[in-house]
Amino acid sequence: SEEIDLYLANSEWTQRLYIQDAPTLRGRCVIYPSGVDTDYWKPNFKNVKQKKILLYLKGVEINLTQACQKFIWDHGYNTEIINYGEYTSDFYLSILQNVEAAVFFSRSESQGIALLEAWSVGVPTLVWNIGFIKLKDKIWSASSAPYLQPETGRFFSSLIEFQEVFLDWENNKESFLPRQWVIDNMSDEVCTRIFCSYFNI
């Protein structure tokens, strides 16, 4: 539609996909991610972190999930499992406040709100990423965590890679600073400024 002055995409890969699918959006499609309420999604500093890892399942590869869980168990950690769409915000927050890290299994995420919420609580994530999705009988480049950074986590695509990134996290926990990254880059305030910048507000 020619009446569309500005189309908001929530990450780089979705912006690229929309423009590839509808080239007339070129020059009118910009990136605007939703922010995170860092006052709600925050650590409970009274809690003593348990030796526990969250498994977040969405579009599950059962064999890989089970193999990763066994590796976690073999390294002395317990696991909590959450399935996409089957929890409340309060429940998710309570889980995040009691785990050391999270492992996400999702084929793709246009932004990854649950990831951002985990980072805001100070939980680094190890994210399964296959790098593509199938839409309209085409294969498109995609991401399972468009905003993943060295401070917030690591990608993996196989069991061997998972083992490597898990050990990297375990041996270098202090190098992961997910909450600070969210506060600096994706809080509600920061993202509102991004939105306003498109309209010279």
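None of the values given here were measured: they were computed from a predicted structure.
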Which residue pairs pass the side-chain hydrogen bond (donor to acceptor under 3.5 Å, both in side chains) test when at least one of the two sits in residues 32-43, sequence neighbours left out?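 Qualifying pairs: Y40-D90.
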
Y56 pairs by side chain to side chain donor-acceptor pair (under 3.5 Å) with which of Y87, Y92, W128? Y87

What's the spacing between L8 CG and Y198 OH if we round to 0.5 Å?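 The distance works out to 8.0 Å.
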
Which atoms form the tightest heavy-atom contact between I130 and S144, and what is the distance?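 Shortest heavy-atom separation between I130 and S144 comes out as N-OG, 4.4 Å.
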
Specify the closest pair of heavy atoms between M186 and P33, including all atoms of both residues, with the distance to one decimal. CE-CB, 3.3 Å

Identified ring-ring contact (aromatic ring centres under 6.0 Å, His included) partner of W169 from the options F162, Y77, F156: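 With W169 as partner, ring-ring contact (aromatic ring centres under 6.0 Å, His included) holds for just one option, Y77.
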
Sequence neighbours excluded, which residues qualify as salt bridge (charged side-chain N to carboxylate O under 4.0 Å, His left out) partners of D188?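 Salt bridge (charged side-chain N to carboxylate O under 4.0 Å, His left out) list for D188, sorted by chain: empty.
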
Can you name the residues that form a salt bridge (charged side-chain N to carboxylate O under 4.0 Å, His left out) with E80, not counting sequence neighbours? K52

Does a side chain donor of either T79 or W73 reach within less than 3.5 Å of an acceptor in the other side chain?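 Short answer, yes.
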
Name all residues meeting the ring pair (Phe, Tyr, Trp, His ring centres under 6.0 Å) criterion together with [X]; count only those two or more places apart in sequence or in a different chain, and write none if there are none.
X	value
Y7	Y18
F132	none
W181	W119

